[in-house]
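Below is one structure, written out as structure tokens; the observations come after it.
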Amino acid sequence: MEENLVIVESPAKAKTIQKFLGDGFVVTSCFGHIRDLSKKNNGIDIAKNYEPIYEVPSEKKKLVSELKKLAKQANMVWLASDEDREGEAIAWHLYEALGLKENNTKRIVFHEITKDAILNSIKTPRSIDQNLVNAQQARRILDRLVGFELSPLLWKKIKPSLSAGRVQSVAVRLIVEREREIFDFKSTSSYRIIASFINPDDSKEFKAELSKRFKTKKEALEFLGTCKNANFKISDISTVPSKRTPAAPFTTSTLQQEASRKLGFSVARTMSVAQKLYESGKITYMRTDSLNLSSLAIGAAANEIKSEFGDEYVKTRTFKSKIKGAQEAHEAIRPTYMNSRTISGPAAEQSLYELIWKRTIASQMSDAQIEKTTATILMSNSDEKFLATGEVIKFDGFLRVYIESTDDDKEENQSDFLPKLSKGKNLTVDSIIADERFTNNPPRYTEASLVKKLEELGIGRPSTYAPTISTIQNRGYVVKENRDGYERSATIITLKNDKISEKIKTEKYGYEKGKMFPSDIGMIVNDFLVEYFKDILDYNFTAKVEKEFDEIADGNVEWKKMIDSFYKPFHLKIADTEANSERGRAERMLGLDPKSGKNVYAKYGKFGPVIQIGEKEDEQKPQFASITKGMHIEQITLEDALKLFALPRNLGQYEDLDVIISVGRFGPYVRHGSSFYSLKLKGDELLNIQLNEAIEIIIEGKEKEKKKIIKTFNQDDAPQILNGRFGAYISYKKKNYKIPKKQTPEDLTFEECMKIIESSKK
DNA sequence: CAGTGAGCGAGCTTCCGCTTGACTT
């Protein structure tokens with residue numbers, strides 16, 4: 001008979017804690033929630049005052065019965081789930097589902113997995129906090145009601161299988177609204193003036209920027225004319241010390257952002273690599289919103305910094321979360337052992353680990369001391385002034401280890417090196433350049449910057465950021481895409497050797513990599529929801545209900561009352577919208593078809609976005625053409641729409657077969673004889689593709705096909721061994737079969753293949 | 001699966017937040 005059973009949420013945690021507690025304790029894990037609302041009747045008996053109907057999901061049944069058995073054998077059960085709303089609910093569900101009794105159950109909590117913290121928690125047990133559990137039940141039920149009443153409404157009003165929810169719908173809204181901002185954005189340009197001066201003391205060149213910009217070329221030209229006859233003089237030099245402080249250690253959200261910026265990881269990739277590091281004991285838990293480090297960890301970091309960089313680089317700090325609704329049940333994400341600067345293992349794990357190590361260590365290092373110098377340069381014949389700025393790092397501090405990146409690709413600033421300047425000196429001009437600078441549209445979200453925004457709004461939790469990003473892409477509301485840039489021409493005017501010259505340069509802009517674009521269906525669903533459910537789509541909806549959940553947790557509000565006051569008006573609105581709203585759709589009249597004189601529409605058809613020429617009622621049926629990827633109902637022009645009817649288009653011949661471009665169910669493709677190759681082209685790229693480009697794709701496609709085949713057999717109807725997305729597999733009569741791990745695909749015989757096929761049919 | 005757009009209807013879809021494997025073509 002074991003004396004003590006401790007249940008935590010994660011198996012990796014259980015392993016560590018087992019070591020701390022030793023004999024007399026069995027530490028096991030429940031793998032998160034063990035019960036959830038039933039799917040039947042939304043899992044809530046509304047007539048019985050919102051009584052939740054909980055059940056153990058089938059995949060958790062075995063686990064729960066094992067836990068039951070263990071609990072029976074123990075004298076005391078210690079419920080050690082996380083100390084936050086969800087953790088408290090997990091403890092309560094365990095209590096209920098395992099049939100535990102008050103006299104042999106204790107609830108314990110700790111914020112860090114250290115021996116002291118665990119032993120201390122065992123000394124100070126408490127009972128389950130029912131108010132906190134109720135706050136979780138309110139959260140769960142509100143989400144279920146919102147999700148399971150809004151989604152079916154979308155199935156009726158827009159199309160089946162769509163979804164809506166408190167978190168995902170707001171995420172989509174952010175992306176849709178940003179896209180419209182960008183569509184409406186009008187770039188303006190102005191002229192920036194940069195002078196290169198020669199310092200008389202040492203003949204060194206340095207740059208200074210005029211403190212204002214000119215709106216027009218005419219003004220810029222006039223100013224350069226003035227400069228021709230001007231004398232320039234340093235009127236003032238000021239030097240101010242400043243400092244930079246390190247960023248706080250990683251939370252889930254900031255780890256996702258930095259891994260995206262520095263390593264190019266998607267948020268899902270970051271989480272799965274971090275999971276591996278966690279499971280192998282190299283980092284602490286990776287789903288956290290806490291900035292705290294255990295005192296043990298801070299001490300270890302200080303030691304590491306001392307030995308690596310010296311005493312003057314140590315400055316330990318504690319950080320306080322500014323995020324609304326942060327629950328801080330864990331530590332920040334940090335290396336388990338501060339003195340392991342690198343680890344062995346796959347490259348992705350190594351680089352993510354190193355990022356975590358640097359960030360954690362830097363957070364306990366000294367500020368960087370910087371000296372900023374600004375020189376003001378006046379003109380003899382104008383009131384305008386130039387400013388030259390320079391920065392010198394006096395002490396590098398944490399910069400030695402880690403610099404946080406930012407999302408916005410800011411203009412390269414001019415503040416770098418300045419020679420030793422003296423006040424009152426006259427300067428010689430080498431050249432003065434006026435270059436036309438354009439304002440840029442607001443940036444589209446990346447996966448990681450969307451997570452950042454959601455976190456700022458208090459929407460979603462560390463465990464759901466990555467799944468939410470996946471959901472909105474899986475539903476087709478949003479696509480992650482790259483876009484080639486566009487070209488524009490900018491004017492550059494140069495004054496050199498008393499001569500003013502002008503040239504035009506073309507520059508690229510608007511290049512996008514891995515950005516979130518809304519789809520037409522994303523826009524339609526969003527517009528429908530915003531029109532009829534403004535309060536739920538409001539960016540502050542979550543913050544508002546979180547306040548109410550806090551009231552429940554504090555015991556000031558009864559949870560069923562809170563749910564009732566939300567649900568009554570919400571459900572009325574659902575019923576009213578179902579009865580009285582128009583179908584959600586997007587339809588635009590683009591103009592007239594010059595050939596037939598009929599109306600041209602862009603709309604969302606049964607199979608996706610289409611262009612329609614003519615009316616449904618016409619004697620001659622309307623013509624349809626699918627809108628290609630990268631074009632929107634909202635934005636497509638009449639000209640581009642009409643081009644779509646040029647498909648399928650025969651580009652010519654290659655190896656005596658026609659090369660035909662068209663768009664099918666799976667997007668644009670090029671057909672060569674009876675072979676199809678999909679094209680990754682968007683919008684007008686597809687409409688303007690040339691024969692030679694298409695041939696390249698055909699050749700590439702044929703190469704890939706060749707590589708795909710690992711082995712074939714010389715018989716009719718024989719299975720083939722092919723290379724697929726997940727490795728080798730057997731293809732036989734249009735069905736696929738998995739090859740057991742112990743067998744080498746290249747060596748399989750015909751008989752062995754048939755055996756695998758037979759055995760998998762059972 | 002690559003030329004789909006008649007209309008009907010059965011049965012299905014869906015949320016957020018905790019956790020890991022099992023599994024995919």
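Chain letters run A, B, ... following the sequence lines, proteins first, then strands; residues in each count from 1.
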For [X], answer base if it contacts any base atom (sugar-phosphate contacts may also be present), sugar-phosphate if it contacts only those atoms, and nothing otherwise; contact means non-hydrogen atoms under 4.0 Å.
| X | result |
| --- | --- |
| A:Ala164 | sugar-phosphate |
| A:Pro467 | nothing |
| A:Gly165 | sugar-phosphate |
| A:Tyr278 | sugar-phosphate |
| A:Leu162 | sugar-phosphate |
| A:Val146 | nothing |
| A:Gly460 | sugar-phosphate |
| A:Asp82 | sugar-phosphate |

ask   = Between A:Arg35 and A:Trp92, is NZ or CZ placed under 6.0 angstrom from the six-membered ring centre and within 45° of the ring axis?
value = yes
request  = Give a yes/no verdict on a cation-pi contact between A:Arg475 and A:Tyr477, requiring under 6.0 Å between NZ or CZ and the six-membered ring centre and an angle within 45° of the axis.
outcome  = no
task = Go through the steps to decide whether A:Glu51 and A:Lys560 satisfy the test salt bridge (charged side-chain N to carboxylate O under 4.0 Å, His left out), and finish with yes or no.
result = CA-CA 9 Å; A:Glu51 193 55 40; A:Lys560 290 181 177 178; 2.9 Å; yes
message = Are B:dT20 and A:Phe31 stacked, with the base six-membered ring and the side-chain ring centres under 5.5 Å apart and planes under 30°?
response = no
message = Would A:Trp155 count as stacking on B:dT14 if stacking means ring centres less than 5.5 angstrom apart and planes tilted under 30 degrees?
response = no
Rounded distance in Å - [atom1] ([X]) to [atom2] ([N]):
| X | N | atom1 | atom2 | result |
| --- | --- | --- | --- | --- |
| A:Ile7 | B:dC18 | CD1 | P | 19 Å |
| A:Gln275 | B:dA22 | CD | P | 13 Å |
| A:Leu94 | B:dC18 | CG | P | 15 Å |
| A:Leu142 | B:dG17 | CG | P | 11 Å |
| A:Glu86 | B:dG17 | CD | P | 7 Å |
| A:His330 | B:dT19 | NE2 | C1' | 11 Å |
| A:Glu455 | B:dG17 | CD | P | 13 Å |
| A:Asn474 | B:dC15 | CG | P | 10 Å |

query = How long is the span from the OG1 atom in A:Thr251 to the CZ atom in A:Arg287, to the nearest 0.5 Å?
reply = 14.0 Å
ask   = Do side-chain atoms of A:Trp155 reach the backbone of A:Leu162 as a donor and acceptor pair under 3.5 angstrom?
value = yes
Quick check on [N]: is either OP1 or OP2 less than 4.0 Å from any side-chain nitrogen or oxygen of [X]?
| X | N | answer |
| --- | --- | --- |
| A:Tyr285 | B:dT19 | yes |
| A:Gln612 | B:dG5 | no |
| A:Arg475 | B:dT14 | yes |
| A:Ser151 | B:dC15 | no |
| A:Arg144 | B:dT14 | no |
| A:Gln168 | B:dC16 | yes |

Measure from the side-chain heavy atoms of [X] and tell me the nearest of [options].
| X | options | answer |
| --- | --- | --- |
| A:Arg461 | B:dT13, B:dC18, B:dC15 | B:dC18 |
| A:Thr464 | B:dC15, B:dG17, B:dG5 | B:dG17 |
| A:Arg139 | B:dC16, B:dT20, B:dC15 | B:dC16 |
| A:Pro160 | B:dT13, B:dT14, B:dT19 | B:dT13 |
| A:Thr471 | B:dC15, B:dT20, B:dG17 | B:dC15 |
| A:Ser10 | B:dG17, B:dT19, B:dC15 | B:dT19 |
| A:Tyr669 | B:dT19, B:dG3, B:dG17 | B:dG3 |
| A:Arg140 | B:dT20, B:dG17, B:dC15 | B:dC15 |

Review item, side-chain donor-acceptor pairs of residues 540-548 of chain A, under 3.5 Å, at least two apart:
from     : atom 1 : to       : atom 2 : distance (Å)
A:Thr542 : OG1    : A:Arg166 : NH1    : 3.2
A:Glu546 : OE1    : A:Arg85  : NH1    : 2.9
A:Glu546 : OE2    : A:Arg85  : NH2    : 3.1

note = Closest to the 5' end of DNA chain B, once A:Glu279 and A:Thr468 are matched to their nearest nucleotides, is A:Thr468
message = I want to confirm an ordering. Mapping A:Glu9 and A:Phe624 to their closest nucleotides on DNA chain B, which one lands closer to the 5' end?
response = A:Phe624
task = Just do the salt bridge (charged side-chain N to carboxylate O under 4.0 Å, His left out) check on A:Lys568 and A:Asp564 with the steps written out, would you?
result = CA-CA 6 Å; A:Lys568 282 254 164 68; A:Asp564 188 55; 3.1 Å; yes
inquiry  = salt bridge (charged side-chain N to carboxylate O under 4.0 Å, His left out) for A:Lys156 and A:Glu578? Distances and angles first, verdict last.
reply    = CA-CA 8 Å; A:Lys156 282 189 196 105; A:Glu578 189 174 339; 3.1 Å; yes
